[in-house]
Amino acid sequence: MSSVLSPLPQSFYARPVLTVARDVIGKVLVHVTPGGVLAARIVEAEAYRGPEDRAAHSWGGRRTERTEVMFGPPGFAYVFFVYGMHWHLNLVTTREGAPHAVLLRAGEPISGGAQMARRRKLAADDVRLSNGPGKLCQAFGIDRRHYGVDLTCSSLFLSDAPTPRGRLGRSPRIGVDYAGAWAEKPWRFFERDNRWVSRPRASPKPT
DNA sequence: AGGAAGATCCGCT
DNA sequence: GCGGATCTTCCTG
């Protein structure tokens with residue numbers, strides 16, 4: 001049904017970043033490719049709220065060629081490259097001038113599993129297909145070409161959910177230990193008891 | 001001009 | 001659990 005695979009409007013993104021990060025859990029990420037339609041329920045996401053949030057790339061008002069899209073209107077894709085080999089996908093939120101974004105960290109495949117498996121070199125039922133931000137992008141074929149695309153009118157978009165989400169979990173964000181007190185903020189949201197979540201619980205802290 | 005670090009993943013122990 | 005892979009981006013000197 002094409003009705004369940006239509007882009008959410010800009011108004012979905014034009015809200016506080018923590019609200020969007022929470023509400024995106026259970027929504028469906030869709031990528032229409034020549035090889036077929038890829039779709040996955042988002043089960044894990046994180047909010048990044050520059051310029052005050054030290055964990056955000058837009059921290060301190062850093063406005064560069066890379067972060068530029070975050071300073072624009074909501075509903076666009078912020079795609080960046082890390083660790084020399086991984087791409088990450090963010091949703092720009094809130095309003096123009098507020099460099100806020102939601103990182104999509106994991107998804108549960110519901111369509112196009114064969115293509116995802118081919119890209120990931122795994123079996124179609126392997127949880128490692130998309131249980132992490134880099135894995136999700138590789139499975140979906142997302143890279144620099146998707147930087148700045150309008151998520152309300154592109155082949156890449158977020159669709160409303162055909163099924164309700166499960167219980168919501170919260171924890172500190174992953175991999176931002178360098179951010180001091182900001183690293184402790186519980187700005188990671190995930191669907192509890194879903195096996196596609198990258199880490200079921202918050203990572204233990206050293207004493 | 002140079003270098004350090006990174007919103008990670010994978011394979012091995 | 002640990003370290004290597006791999007390269008873009010940004011800050012410093």
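Protein chains get the first letters and strands the later ones, always in sequence-line order, with residue 1 at the start of each.
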Does the A:His31 side chain pair with the main chain of A:Ala39, one donor and one acceptor, at a distance under 3.5 Å? no
Taking A:Pro74's backbone N and O only, do any of them form a donor-acceptor pair with A:Glu96's side chain (distance below 3.5 Å, no angle check)? no
Length of the line joining A:Leu89:CG and B:dA7:C1', which is rounded to integer Å: 12 Å
For A:Arg66 and C:dC7, what is the distance between atoms CZ and P respectively, to the nearest whole Å? 17 Å
Could you tell me the Watson-Crick or G-U partner of C:dT6, where both distances fall under 3.5 Å? Say none if there is no partner. none
What is the distance, to the nearest angstrom, from the CZ atom on A:Arg144 to the P atom on C:dT6? 17 Å
When the distance from CG of A:Leu122 to P of B:dC9 is rounded to whole Å, what number comes out? 12 Å
Atom CH2 of A:Trp59 to atom C1' of B:dA5: distance rounded to whole Å? 14 Å
Side-chain N or O of A:Lys121 versus OP1/OP2 of B:dC10: is the shortest distance under 4.0 Å? no
Could you check if a side-chain atom of A:Leu136 sits within less than 4.5 angstrom of a side-chain atom of A:Leu89, using non-hydrogen atoms only? no
With a 3.5 angstrom cut-off on both distances, give the Watson-Crick or G-U wobble partner of B:dA7, or none if there isn't one. none
P-based separation of B:dG2 from C:dT6 [nearest Å]: 23 Å
Phosphate oxygens OP1/OP2 of C:dC11: is one of them under 4.0 Å from a side-chain N or O of A:Arg62? yes
When all nucleic acid strands are considered with a 4.0 Å heavy-atom cut-off, which category describes A:Arg120: base, sugar-phosphate, or nothing? sugar-phosphate
I want to verify a distance call: between B:dA7, C:dC11, B:dC9, whose nearest atom is closest to the A:Phe80 side chain? B:dA7
Under 4.0 Å: is that the gap between some side-chain N or O of A:His57 and OP1 or OP2 of B:dA7? yes
Non-hydrogen atoms of A:Tyr178 and A:Ala55 that approach each other most closely: OH-O, 3.3 Å
Taking only the P atom of each, what is the distance from C:dG1 to B:dA7 in whole angstrom? 23 Å
Interatomic distance where CZ belongs to A:Arg63 and P belongs to C:dC11 [whole Å]: 15 Å
Please work out if A:Phe81 contacts a base, only the sugar-phosphate, or nothing of the nucleic acid, heavy-atom cut-off 4.0 Å. sugar-phosphate
Would you say A:Tyr178 reaches B:dA7's phosphate, i.e. side-chain N/O to OP1/OP2 under 4.0 Å? yes
Could you please name the option among B:dA7, B:dC10, C:dA5 that lies closest to any side-chain atom of A:Met85? C:dA5
Are any non-hydrogen side-chain atoms of A:Trp87 and A:Arg144 less than 4.5 angstrom apart? yes
Is there aromatic stacking of A:Tyr48 on B:dA7 here, judged by a ring-centre distance under 5.5 Å and a plane angle under 30°? yes
Spacing between A:Asn131 atom CG and B:dT8 atom C1', to the nearest angstrom: 12 Å
Which nucleotide sits closest to the side chain of A:Val82: B:dC9, C:dT8, B:dA7? B:dA7
Kindly give the heavy-atom pair with the smallest separation between A:Asn194 and A:Glu108, and that separation in Å. ND2-OE1, 3.0 Å
Nearest whole angstrom, please: distance from the P of B:dG6 to the CD1 of A:Ile174. 16 Å
